[in-house]
Amino acid sequence: MCLLPGCLSCSLFVILFVQISNSIQQCTENCHCLKKNLTLNTCPKPIIDYLNIELTAKEIRITCNEMISPNFEDVPSFDAKFLTSIDEKSPLTLESMVQQCAGTRGKRIIYGLNNEGLHSVSASKNILKDNNSVKYLRFVRTSNDANITLLESNFLTYGSQLNTVIFNGLRLVKLANYLQNLSHIETLDLSSNGIEELDDLVFHNLTNLSRLILHNNTVRVLNGNVLQNLTQLRVLDLSYNKIDSLRKDTFVQAGNIQYLNFSNNFLQTIDNNTFSLFAKLERLDLSQNPTLTLKENTFANLTSLKSLNLSRCDIRHIPTGFLKSSPDLIALNVSRNAITKLDSNCFENLKKLAIIDLSYNNISSLPLQLLQPLENLREFLLSRNQLSVFNFDLFTGIQTLGTIDFSDNLISNFTNTLRKFKAQDIILKNNQIGWFPVFLIRNVPGLRHVDLRNNRITSVKIMKDLIPQHVNVEIYLNNNQISQFISEKPAELTNSSNQPNWKLMMDLSENLFRCNCLKYEIEQLVPPQNQSVILAVTSKENICYTSYPNYNCPLIYIENSPKECHTYYIRTENAIVVDCTNRSLEEFPVIHHLKTDRYEHSQVMVNLSLNKLNLNGQERLKKYDNVSDLDLSYNDIEQIEWLPKTFKELKLDNNRLKSLSPEVIENFRNNHKLDNVSLKNNPWQCGCSDIELQKYLTEFNNIKINISDVTCEDTGEYLLYAKICDDELALKIATPIVVIGLFIATILAIYFKFNTAIKVYLYSKNWCLWYVAEEELDKDKTYDVFISYSQKDEHFVEKELLPELESGDHPFKVCFHHRDWIPGEFISRQIVNSVLDSRRTMVILSNNFMESVWGKLEFRTAHMQAINEGRARVIVVLFGALNEDSLDDEMKTYLKTNTYVKWGDPWFWSKLKYALPHSKTRRGLSQYSQESFHLR
């Protein structure tokens, strides 16, 4: 600490509260007079003319120089958290804090506070007594705590030099005590002090006051004498109070006011002549007075008025000519009211009016003469109304228009589009526009921006010959339903100086449209909804720009594109895609002779899903050139009569197909390029007309058509396994049964009951072989039996079955694929031939068999042959312990409804040979028992 007598006051000022190092600095800076051997009384104090005190919840911030940045980082900070109050009796006062600030090099200081322990803060007149040269004083409390910040009533006694006083958040009650002898004050800001009442003559002594701000208090009444003597007053702000009326006598001596703000009050009425003395008033803000009523002469005599704000006042009608006495008006804000209609002459005599804001009202139409008097109109804002028509006539003759904002309306139509008017920016976003209004580009000279975001535009069509010279327009088309861009083929590049010079930049992001030269490549990098697509259109080219510069490319022009669809080129597939999805088409479009201006495509992919197609125009399908993929799903197709000659994939899901004609099935068979046909979710009838489809399903089981796609509507079973045409056969059998009568029925009942035992017995005795023989029926078949087995069971077949079956007096002729199949033939074709050329198909059913794909195919083929012929052709031999869980539903159903033989059964060979084809001349089986037995 400083040890010299002349610096004693410095050390006492900071005792117990300031660090030793800072005390030494203060003594060095403020007591430099010691070098001159001056005494305490003659040592000069720091002079400040700017003082800013901010009280927050956790600290006090003090600034003593207006040139200092308000940034409080790296500012000297002192701990005052031990204080429970700050007043004249506390160890540390506001006066000492101010002097500490004045003594610092940075002229800024911070004192940390304990908000919970601090009960009160008080400021006395001594702050200005020691600093009576202050011209700018700001005392602000920003916290909402209950701590009281009290200004003594004589706080400003020594403020004779004050020019600006700002007291915010200090909860002042009686103002008169604070404002005496302050004739030099020019700006007084008493915002947010909870002031409820303004006494008469409260500002009487402030004769030089030019700015009075009483924002955010609770003043209810403004008496006539409150503003007396304020002849120099230029700005009066009483916004955010509770004033409900204004009278003429209030402003008798305040006629020089230029800015008047009564926004956010409760004004209901304003006397007719209230503003009659305001010949110099330029800005008037009456916004957010929700019950305000306008009278025709409310604004009479405001001859200098340039800006009027009447927003959020619940105004329902604007009186005719209500501003005709304000010819200098430049800006009018009547937004967020309840206006439904405007009179044609409500803007009478307002030739200088440049900005009109009528947004957020309920206006549904505009008089054509509304804007005619407005020679200097620059901005016309009508967003969030109920307009349904954009009429070009409304703007005819206005030469200065900059912005027209009709966003968030109901606009779906444009009228008088051949008229021309000038404008720079037209905002039509969030409307119901269904087509691209190219006439805006053609008939609005000087246009720079058109905002058409969030409308219902489905396509963009540009007639390049009609675009005016030197046009350069940015068009925002984001988030529409655009899937198609149509324009003429770009002009050939020439050196002619007469080439049109214009450019349109179109933002097509968030649409169905993609740059057709790079659609798939971009979508692999980023999802479509996040893609940026900008299309630059000129007379010479159409260029696609994306957020990936390497993928910018010329838009590919595709000739003969169907107008109903979006057509684009996929470079990775070398294909032209015709996307007609969800177009409500009832007739097949013409898709013929497609070609691009840059590439030779190798295939065409056509998507006609989600439409209403049936037979109308279906014959056009046969002329679809080079189609590889054809999607006809989700239509109303009841019958397919025509198809392209070749295709790789066909989708017919979710239609109304009941059957497919033999001609269509023949098309499938002859189309060697066919990979997949999808037929699910159709009402298949499974009648006699589906025999060819059933055969095709059998032939290409789950290879080209998924068998589960074709399910009978009535029964729910797969067509592949359904017994079709049974009704006709049942009728033929039923008739002779009725004629024969009950006697034959009884004999047949006995026969059917003991049928199997009788036949086995007769066959074993070589009796009545004519009764059990069937060789005449199958005399054209090559083999007696075709054995279907798993390769893993081959040893059992070769060593056990074949020797017995192919030996003896009357051996069976066996088709054994390991021996009898022709190498190189398709397996599926050889399976079908083996089944058809054999009188029986013997299935060696084991766990290994159920794991064999080809084995299952052999079983299904034989089973279908038996169903079609109405005869038992399949013999199932159970081999080994069978895991029933491995059986599929088809095999389980068969075993429950048909007989089988089991290896290891004592009667195995008797049962098996009986089940095999019978010969009239066959002998043997005498070694077996003559007892009656069942196959299982």
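As the structure is a computational prediction, the values presented were derived from the model and not from experiment.
Between the side chain of N385 and the main chain of F406, no donor-acceptor pair closer than 3.5 Å is present. Checked by atom type and distance alone, the side chain of N655 pairs as donor or acceptor with a backbone atom of I637 at under 3.5 Å. Of the possible polar contacts, one joining the N706 side chain to the S708 backbone as a donor-acceptor pair under 3.5 Å is found. Between the D631 side chain and the N607 main chain, no donor and acceptor come within less than 3.5 Å of each other. Remark: the backbone N or O of L452 is paired with a side-chain donor or acceptor of N480 at under 3.5 angstrom. Between the side chain of N611 and the main chain of T581, no donor-acceptor pair closer than 3.5 Å is present. At distances below 3.5 Å, at least one donor-acceptor pair connects side-chain atoms of N671 with backbone N or O atoms of K673. Judged purely by atom type and a 3.5 angstrom limit, N454 has no side-chain atom pairing as donor or acceptor with the backbone of N430. Between the Q469 side chain and the N501 main chain, a donor and an acceptor come within less than 3.5 Å of each other. With hydrogens and angles ignored, the 3.5 Å screen pairs no side-chain donor or acceptor of N443 with any backbone N or O of L440.
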Would N264 and S239 count as a side chain to side chain donor-acceptor pair (under 3.5 Å) if you check the C-alpha gap in whole Å, the side-chain angles of each, and the deciding distance to 0.1 Å?
-> CA-CA 6 Å; N264 286 277; S239 59; over 6 Å; no
Side chain to side chain donor-acceptor pair (under 3.5 Å) between Q432 and S412: does it pass, once the steps are laid out?
-> CA-CA 5 Å; Q432 300 178 11; S412 60; 5.2 Å; no
Could you walk me through whether R656 and E638 pass the salt bridge (Lys or Arg N to Asp or Glu O under 4.0 Å) test, one step at a time?
-> CA-CA 5 Å; R656 294 159 58 187; E638 298 175 337; 2.5 Å; yes
Apply the test side chain to side chain contact (heavy atoms under 4.5 Å, CB included) to residues K704 and N676: give CA-CA distance (whole Å), side-chain angles for both, the deciding distance (0.1 Å), then the verdict.
-> CA-CA 5 Å; K704 296 187 177 182; N676 181 56; over 6 Å; no
Run the side chain to side chain contact (heavy atoms under 4.5 Å, CB included) check on N333 and S287 step by step: do they pass?
-> CA-CA 9 Å; N333 187 349; S287 62; over 6 Å; no
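Sorted pairs that involve residues 372-455 and meet disulfide (SG to SG under 2.5 Å), not counting sequence neighbours, are lacking altogether. Sorted by first and then second residue, the pairs that involve residues 431-468 and meet ring pair (Phe, Tyr, Trp, His ring centres under 6.0 Å), not counting sequence neighbours, are F392-F439, F414-F439. The list of side chain to side chain donor-acceptor pair (under 3.5 Å) pairs with a residue in residues 349-378, not counting sequence neighbours, reads D328-K352, D357-S359. Counting only residues at least two apart or on different chains, the side chain to side chain donor-acceptor pair (under 3.5 Å) pairs with a member in residues 396-405 are Q399-K422, D405-S407. Sorted by first and then second residue, the disulfide (SG to SG under 2.5 Å) pairs involving residues 555-593 (not counting sequence neighbours) are C565-C580.
Among residues two or more places apart in sequence or in another chain, the side chain to side chain contact (heavy atoms under 4.5 Å, CB included) test is passed with N681 by N654. For K648, there are no salt bridge (Lys or Arg N to Asp or Glu O under 4.0 Å) partners two or more places apart in sequence or in a different chain. Here Q424 pairs with R448 under the side chain to side chain contact (heavy atoms under 4.5 Å, CB included) rule; sequence neighbours left out. Residues that satisfy the salt bridge (Lys or Arg N to Asp or Glu O under 4.0 Å) test with D314, not counting sequence neighbours, are R316. For C313, there are no disulfide (SG to SG under 2.5 Å) partners at least two apart in sequence or on another chain. For the salt bridge (Lys or Arg N to Asp or Glu O under 4.0 Å) test, no residue two or more places apart in sequence or in another chain qualifies with D507. Remark: E641 pairs with no residue by the salt bridge (Lys or Arg N to Asp or Glu O under 4.0 Å) rule, at least two apart or across chains.
Side-chain N/O atoms of K464 and N542 include a donor and acceptor closer than 3.5 Å. Side chains of D393 and N416: a donor-acceptor N/O pair is present below 3.5 angstrom, by distance only.
The two atoms that bring L310 and N337 nearest to each other are O-ND2, 3.1 Å, heavy atoms only. In plain terms, the two heavy atoms of N560 and H593 that are nearest each other are ND2-O, 2.6 Å. Scanning all heavy atoms of the two residues, the minimum distance from I462 to M506 falls at CD1-CE, 3.6 Å. Residue A423 comes nearest to V444 through the heavy atom pair N-CG1, 3.7 Å, listed as atom of the first residue, atom of the second, then distance.
Residues E600 and K595 are not paired through a salt bridge, judged by the lack of any N-O separation under 4.0 Å between the basic side chain and the carboxylate. Between D451 and R453 a salt bridge is recorded (basic side-chain N to carboxylate O distance below 4.0 Å).
Atom NZ of K658 sits in a sparse spot, with 12 or fewer heavy atoms from other residues, nucleotides or ligands closer than 6.0 Å.
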